[in-house]
*Asks:* 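I have a structure here, written as structure tokens, and I will follow up with some questions on it.
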Number of protein chains: 2
Amino acid sequence: MKQTGDLNLVKKINKSIVLHHIRTDSPISRARIAEITGLTKATVSSLVNELIESSLVDEIGVGESSGGRKPMMLLFNGTAGYAIGVDLGVHDILAVLTDLTGKVVREKRVNHDNPSAQEVIDLLKATIRDLINGAPESVYGIIGIGIGVPGICDEDGTLLFAPNLEWENVPLQKYMEETFHIPVVIDNEANAGAVGEKQFGAGRETANLVYVSIGIGIGAGIIIKGELYRGATGFSGEIGHISIQHDGPKCRCGSLGCWELYASEHALLERARQEFGSSITLEMLLRKAEAGDAAIIALFERLGYFLGVGVVNIINSYNPEFVILGGRLAGAEKWLMKPLLQLLEKRSLPHPRKLLNVAFSELSDRSTVLGAASFAVTKFFASTTVSVEHN
Amino acid sequence: MKQTGDLNLVKKINKSIVLHHIRTDSPISRARIAEITGLTKATVSSLVNELIESSLVDEIGVGESSGGRKPMMLLFNGTAGYAIGVDLGVHDILAVLTDLTGKVVREKRVNHDNPSAQEVIDLLKATIRDLINGAPESVYGIIGIGIGVPGICDEDGTLLFAPNLEWENVPLQKYMEETFHIPVVIDNEANAGAVGEKQFGAGRETANLVYVSIGIGIGAGIIIKGELYRGATGFSGEIGHISIQHDGPKCRCGSLGCWELYASEHALLERARQEFGSSITLEMLLRKAEAGDAAIIALFERLGYFLGVGVVNIINSYNPEFVILGGRLAGAEKWLMKPLLQLLEKRSLPHPRKLLNVAFSELSDRSTVLGAASFAVTKFFASTTVSVEHN
DNA sequence: TAAGTTTGTTTAATGAATTTACAAACTATT
DNA sequence: AATAGTTTGTAAATTCATTAAACAAACTTA
């Protein structure tokens with residue numbers, strides 16, 4: 001059912017707008033917020049005072065006058081609460097405690113060699129418990145947990161299918177909420193990564209971006225008009241399984257010639273092992289390329305070409321302003337970027353390309369974990385200031 | 001700038017909700033609307049009376065009692081105004097006059113053999129003028145014009161690039177508004193087609209669908225949560241230029257192995273002409289296939305296969321509930337569908353496919369023209385009942 | 001015929017924003 | 001210094017759409 005309008009809705013909308021400006025443009029005065037938003041000074045004043053009341057905003061003293069009374073500057077109080085962000089990887093768990101601005105306060109990384117789901121979940125709980133116990137005192141305490149997972153989830157936070165973990169139908173959100181009794185958000189690691197890059201990384205200035213997560217497979221998180229696009233049922237972005245060769249080799253998904261068979265880290269290593277022995281790792285390849293090994297450099301350049309093929313497909317179908325490539329391959333940027341850009345220049349449609357930018361992640365392996373924490377913070381604010389999404 | 005909330009916004013939201021229910025669930029009583037929406041009877045009554053005042057709603061007499069006073073039934077007044085919808089094709093113009101419910105009142109189809117842009121625009125104007133002159137008297141008159149074009153447009157209604165018309169940078173919206181002095185909406189024919197199918201065709205029950213327009217090229221219109229998705233800058237959906245063979249033949253777009261080189265009507269005819277002579281047409285192919293010509297049927301089956309390859313890519317990247325195939329190839333459905341479905345069954349990911357449906361258009365060649373008219377109607381209601389989109 | 005139900009309107013109350021006014025604090029000018 | 005003008009933030013009165021409560025009219029059922 002559609003959400004109807006009433007006075008409550010009006011207040012929530014305006015309060016969230018005011019808070020948004022304090023979060024992004026602070027330090028800022030009441031008068032300036034009124035000017036920017038079009039709300040009257042009286043309205044802004046009233047809403048700001050409620051936000052101060054609820055500890056989300058602080059007055060930090062007077063600012064510079066522009067020819068009249070000095071303004072009282074407002075600051076978002078990032079330490080009114082803390083969030084947990086988790087990147088549940090195939091071989092390790094990266095977890096962070098952030099404040100409400102997304103600043104990392106503590107961080108834990110633990111390995112697991114992919115034992116049973118139960119053992120990984122227990123490890124996950126212990127890791128989170130540890131971060132919670134070490135969190136500073138605050139008004140709202142731990143406001144929520146966000147978890148990025150390497151697979152497909154539904155709206156209830158059940159991990160439906162994670163091929164590389166070999167998990168199926170794990171109700172992760174339920175488990176976590178039963179354990180910690182705070183709101184939990186579960187989403188795909190590429191979606192979380194896209195949000196991480198949008199909020200804290202290379203995509204801060206961009207409303208439309210695609211984050212391509214390159215690892216064992218290839219996934220993508222798509223941000224449209226500043227918001228994550230999830231597709232019809234919440235599991236879109238399986239872009240690694242776009243076929244770039246309709247009669248190519250068979251993929252485990254059933255299709256033929258999927259992009260991730262050519263352009264993933266896994267594909268690179270497979271090929272390198274065929275040519276140079278089975279014990280080779282990405283770190284070794286990077287070292288050899290750095291030392292000038294032409295055969296290895298050629299291998300990276302070939303990968304750059306195939307990355308480009310898929311990126312052209314992304315550009316032509318999603319038309320983003322920014323494509324951000326994430327994952328450990330960022331370390332090979334210097335060999336990948338040239339063939340990739342050459343291919344884009346040659347092959348993408350002129351109109352979509354005009355505004356386009358391609359870059360590797362700025363956050364290295366933190367995009368997902370920061371995005372996951374950001375999910376928790378967003379959910380917190382949605383419940384306190386605006387809650388339009390009820391359906 | 002974000003839209004702030006005030007009483008005006010509340011009223012617009014609620015009025016549009018009430019009108020929406022009268023448009024879709026009529027005949028319906030005030031009491032029933034209050035029940036469905038959660039608004040009070042008093043609020044609904046007040047809003048309905050304003051809608052009656054503005055001629056958009058009529059009382060059509062009392063309905064059946066369910067044990068008390070008989071309800072006064074309300075009906076949307078579809079003839080309070082009329083809209084023009086146009087499908088500007090490469091070889092012809094199809095234009096319709098519809099009422100506010102989308103019902104076609106008059107229709108005109110004229111051929112043009114792609115002369116200069118100016119001549120086509122003059123023909124377009126004459127065609128529209130003719131429909132306007134023949135429109136019935138109504139309260140609001142002609143409320144707007146929607147035009148679907150075979151190319152890429154910007155937000156100002158300029159046709160940036162239409163390869164098959166050989167047009168570039170034609171400010172069509174400006175021309176039309178200067179001529180007719182009513183609101184004009186310009187959009188890609190595939191986008192219009194998607195909206196047409198969503199409103200009036202196979203996609204009525206579906207919130208997430210992709211309409212694939214197969215003609216000289218292949219385009220797509222994407223509907224997410226009931227709304228058209230336009231990508232970052234308004235020219236997304238160039239899905240025909242997704243490469244399905246990274247080292248395939250060169251496309252006019254610059255890339256290699258684009259889907260439309262394999263699966264468009266144009267590609268089919270090219271191949272047929274190579275094999276069976278240069279004078280062959282789609283109609284001839286259909287007739288021969290109908291007569292049992294195995295070579296021709298094989299040609300269609302091959303096309304079905306390649307349609308499937310692209311549809312799998314669409315499913316994996318957009319994850320829609322429904323893929324609707326439009327264009328003249330609908331006539332070959334019986335030979336295309338089997339290889340297409342076989343391919344889907346084999347190649348698409350299990351989760352996205354679960355809810356998926358694939359079908360040919362129900363509206364034959366009217367999807368675009370009806371969608372275009374619907375654009376005009378939507379714009380009209382946006383300006384009279386809700387106008388949130390100002391930025 | 002009486003009792004209960006449903007519809008739709010009327011009236012009063014609520015509350016969030018706006019408008020207007022204003023005091024406080026500051027800068028610039030004479 | 002004194003004065004004028006500007007800017008900030010609050011206060012009081014007004015506006016207006018919704019809600020809640022009451023009610024009259026119209027209808028069904030026992």
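Small disclaimer: the values here were computed from a predicted structure and weren't measured. Below, chains carry the letters A, B, ... as their sequence lines are ordered, and counting in each starts from 1. Basis for what follows: all heavy atoms, side chains included, without hydrogens, waters or symmetry-related copies.
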*Asks:* Rounded to the nearest angstrom, tell me the gap between atom CG in A/N49 and atom P in C/dA17.
*Replies:*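 So the two atoms are 13 Å apart, to the nearest Å.
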*Asks:* Could you check whether B/K41 gets within reach of a base, just the sugar-phosphate, or nothing at all, counting any heavy atom under 4.0 Å?
*Replies:*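 Contact class for B/K41: base.
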*Asks:* Does the ring center of A/F322 lie less than 6.0 Å from the ring center of A/Y211?
*Replies:*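 No.
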*Asks:* Quick one: which residue pairs count as a ring-ring contact (aromatic ring centres under 6.0 Å, His included) with a foot in residues 25-47 of chain A, not counting sequence neighbours?
*Replies:*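 ring-ring contact (aromatic ring centres under 6.0 Å, His included) check on residues 25-47 of chain A returns no pairs.
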*Asks:* Considering only residues two or more places apart or on different chains, which pairs with a residue in residues 26-79 of chain B satisfy ring-ring contact (aromatic ring centres under 6.0 Å, His included)?
*Replies:*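 Found B/F76-B/F381.
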*Asks:* Scan A/T4 against the nucleic acid and name what it touches under 4.0 Å (heavy atoms): base, sugar-phosphate only, or nothing.
*Replies:*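 Nothing, no heavy atom under 4.0 Å.
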*Asks:* Record whether the side chain of A/R69 comes under 3.5 Å of the base of D/dT7 through a donor-acceptor pair of N or O atoms.
*Replies:*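 Side chain to base: no pair below 3.5 Å.
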*Asks:* For B/Y140 and B/Y82, I'd like to know if the aromatic rings sit close, meaning centre-to-centre distance below 6.0 Å.
*Replies:*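 Not close enough - the centres of the two rings lie 6.0 Å or further apart.
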*Asks:* Side chain of B/A42, heavy atoms from C-beta onward: which of D/dT28, D/dA20, C/dG8 has the nearest atom to it?
*Replies:*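 The closest nucleotide is D/dA20.
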*Asks:* Scan nucleotides 13-18 of chain D against the protein and return all N/O pairs shorter than 3.5 Å with their distances rounded to 0.1 Å.
*Replies:*
unit_1 : atom_1 : unit_2 : atom_2 : d
D/dT18 : OP1    : B/N14  : ND2    : 2.7

*Asks:* Please report, rounded to the nearest Å, how far the C1' atom of D/dT8 is from the CD1 atom of A/I33.
*Replies:*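 Going from CD1 in A/I33 over to C1' in D/dT8 covers 13 Å.
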*Asks:* Round to a whole Å and report the spacing from CE of A/M73 to C1' of D/dT7.
*Replies:*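 My rounded result for the distance is 13 Å.
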*Asks:* Could you tell me the separation between the CE atom of A/M72 and the P atom of D/dT8, rounded to a whole number of Å?
*Replies:*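 For the pair A/M72 CE and D/dT8 P, the rounded distance is 13 Å.
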*Asks:* Checking side-chain polar atoms at under 3.5 Å, does B/T43 have a donor or acceptor matched by the opposite partner on B/T40?
*Replies:*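 Result is yes, a qualifying pair exists.
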*Asks:* I'd like to check the side chain to side chain contact (heavy atoms under 4.5 Å, CB included) partners of A/M73; sequence neighbours left out, ordered by chain and number.
*Replies:*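 A/M73 satisfies side chain to side chain contact (heavy atoms under 4.5 Å, CB included) with A/P27, A/S29, A/I60, A/P71 only.
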*Asks:* Specify the separation, in whole Å, of atom CD of B/E35 and atom P of C/dT5.
*Replies:*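 It works out to 16 Å between those atoms.
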*Asks:* Could you give me the CA-CA distance, side-chain angles and deciding distance for B/D6 and B/T4, then say whether side-chain hydrogen bond (donor to acceptor under 3.5 Å, both in side chains) is met?
*Replies:* CA-CA 7 Å; B/D6 60 6; B/T4 57; 5.8 Å; no
*Asks:* Just by modelled atom types, is the B/P183 backbone N or O under 3.5 Å from a matching donor or acceptor in the B/E177 side chain?
*Replies:*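 No; judged by distance alone, with no hydrogens or angles, the pair does not exist.
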*Asks:* Ignoring hydrogens and geometry beyond distance, is a side-chain donor-acceptor pair present between B/D156 and B/T158 at under 3.5 Å?
*Replies:*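 On atom types as modelled, these side chains do not qualify, holding no pair under 3.5 Å.
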*Asks:* Work out which heavy atom in B/D25 is nearest to a heavy atom in B/I28; give both atom names and the distance.
*Replies:*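 Smallest heavy-atom distance, with atoms named: O-CB, 3.7 Å.
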*Asks:* What are the residues of residues 59-66 of chain B, sorted by number, that bring a heavy atom to within less than 4.0 Å of DNA chain D?
*Replies:*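 Close to the strand are B/S65.
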*Asks:* Please tabulate the protein-to-nucleotide N/O contacts below 3.5 Å involving nucleotides 2-4 of chain C, giving atom names and distances.
*Replies:*
unit_1 : atom_1 : unit_2 : atom_2 : d
C/dG4  : N2     : B/G67  : O      : 3.4

*Asks:* Between B/N77 and B/T79, do the side chains contain a donor N or O and an acceptor N or O under 3.5 Å apart?
*Replies:*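 Yes - a donor-acceptor pair under 3.5 Å links their side chains.
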